[in-house]
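All values derive from a computational prediction rather than experimental measurement.
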Amino acid sequence: MTDSFQYRALFLSDIHLGTRGCQAEMLLDFLREYDAEYIYLVGDIFDGWRLRKGWYWPQSHNDVVQKILRKGRKGSKIIYVPGNHDEVMRNYLGTHFGGIDVKEKDIYTALSGEKFLIIHGDQFDMVVINAKWLAYLGDWAYETILKINTLVNRIKRLWGGQYWSLSRWAKHKVKSAVNFIGDYEAVLSSEAEKADVNGIICGHIHHPAMHDVNGIKYINTGDWVESCTAVIEHLDGTFELIEWSKVTRLRTEARSSKKMQLVAGGRQTKTV
């Protein structure tokens, strides 16, 4: 069956449909180009926390859902591993609907024979487990940053600029955030070791990564709010972390460069 697909597997997480920060249009562009035999939705696909506070569901968010369901109808095996923001889906573990299997976690066997634990990751975030009120407070602060980020990107687009994430930039600059990311990676890699697998594929912290941690292959798919990233397994068994915002930026720059060359070429022709 793999031969009929461009890729063996596609891993997406933290889309946060139902929020204004969700980059649904960029995700739709990505999904138009990528098909896979296995599609893993690794949690926080929609944001139940935000939707409970106020309904926001534009057509582009509905289009994302329809696009994913359409891939299932065309033969992709879709596995949904819920996260904390879409935790309501944990009430349906073990069910199958619309071509989607809902599981608490899963073990994925790559073409190389290596086994990966698939889990969202909030189960190992002590803030979510032990102080949910603090998690909600953090969610409010995060939403505020995203609103500022939206305004910044609107201004940038007026001048032809590309998408930029304020919250992602802050994560790389604030020492405590960097330390948290390192601790999170170590804890989840330890969990993969306990499960006797070769690696782990997760989400939750909106920090895309693909590297070894203590001998375990740690892969975080990132998100579609800040990073606009996904992970794919190629038909030769190699894994790749795709930063779609970077891909679109490079394509825009290439088109601009080609247009400028054509204009310059036209001017030279006229002066000959």
Side-chain angles (χ1 to χ4, degrees), residues 12-31 41-70 78 80-93 95 97-98 100 102 104 120-123 125-158 163-171 174 177 180 202-208 221-230 244-245:
L12 296 162
S13 77
D14 298 273
I15 299 173
H16 289 275
L17 295 168
T19 68
R20 296 183 186 278
C22 171
Q23 300 300 311
E25 294 290 352
M26 292 187 71
L27 177 55
L28 281 168
D29 286 341
F30 173 82
L31 291 173
L41 305 174
V42 195
D44 288 0
I45 304 306
F46 65 91
D47 198 317
W49 293 10
R50 189 60 48 192
L51 289 170
R52 280 197 296 268
K53 295 176 182 178
W55 188 258
Y56 177 77
W57 197 268
Q59 183 60 45
S60 59
H61 292 208
N62 197 57
D63 290 343
V64 168
V65 174
Q66 293 302 319
K67 189 69 174 177
I68 292 172
L69 291 175
R70 195 174 301 120
I78 304 176
Y80 190 161
V81 179
N84 52 311
H85 283 260
D86 53 7
E87 60 190 348
V88 66
M89 294 302 297
R90 288 174 175 161
N91 295 327
Y92 303 95
L93 297 176
T95 62
F97 65 93
I100 300 175
V102 184
E104 181 180 10
H120 180 64
D122 63 292
Q123 300 91 331
D125 184 341
M126 298 311 294
V127 172
V128 173
I129 297 170
N130 295 326
K132 202 159 191 176
W133 68 270
L134 188 58
Y136 280 116
L137 179 62
D139 183 59
W140 171 83
Y142 182 64
E143 184 71 13
T144 301
I145 290 175
L146 290 180
K147 287 179 181 178
I148 297 172
N149 194 74
T150 299
L151 178 60
V152 169
N153 278 291
R154 283 177 181 171
I155 295 171
K156 282 171 65 65
R157 280 196 292 270
L158 291 175
Y163 182 76
W164 176 79
S165 173
L166 171 62
S167 51
R168 188 182 185 190
W169 173 84
K171 280 184 182 178
V174 179
F180 170 77
C202 59
H204 184 54
I205 61 172
H206 295 204
H207 184 75
T221 63
D223 64 282
W224 288 86
V225 178
E226 305 172 51
S227 310
C228 297
T229 53
W244 192 245
S245 57

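- Checked against a 6.0 Å centroid threshold, the rings of Y56 and H61 count as neighbours.
- Taken from CD1 in I68 to CG in L17, the straight-line distance is 7.0 Å, to the nearest 0.5 Å.
- With hydrogens and angles ignored, the 3.5 Å screen pairs a side-chain donor or acceptor of D47 with a backbone N or O of R50.
- Rounded to the nearest 0.5 angstrom, I15 CD1 and L41 CG are separated by 6.5 Å.
- Judged purely by atom type and a 3.5 angstrom limit, H206 has no side-chain atom pairing as donor or acceptor with the backbone of G222.
- Judged by distance alone, with hydrogens and angles left aside, the side-chain atoms of W244 form no donor-acceptor pair with the main-chain N or O of A230 at under 3.5 Å.
- The CG atom of D122 lies 12.0 Å from the CD1 atom of I205; values are rounded to the nearest 0.5 Å.
- Summarising the geometry, atom CG belonging to D223 is positioned 12.0 Å from atom NE2 belonging to H204; distances are rounded to the nearest 0.5 Å.
- Rounding to the nearest 0.5 Å gives a distance of 7.0 Å between CG of L31 and CH2 of W224.
- When all heavy atoms are compared, the tightest approach of C22 to H16 is CB-O, 3.3 Å.
- Q66 contributes no side-chain N or O that, together with a main-chain N or O of V64, makes up a donor-acceptor pair within less than 3.5 Å.
- To the nearest 0.5 Å, the span separating CG on D14 from CG on L12 amounts to 10.0 Å.
- A donor-acceptor pair under 3.5 Å is absent between the side-chain atoms of W57 and the main chain of L51, judged by distance alone.
- Of the possible donor and acceptor atoms, one in the side chain of Q23 sits under 3.5 Å from a partner among the backbone N and O of G21.
- At most 12 non-hydrogen atoms from other residues, nucleotides or ligands lie less than 6.0 angstrom from OH of Y92.
- Between the side chain of D44 and the backbone N or O of H85 there is at least one donor-acceptor pair closer than 3.5 Å.
- Using a 4.5 Å heavy-atom cutoff, the side chains of N84 and W49 are in contact.
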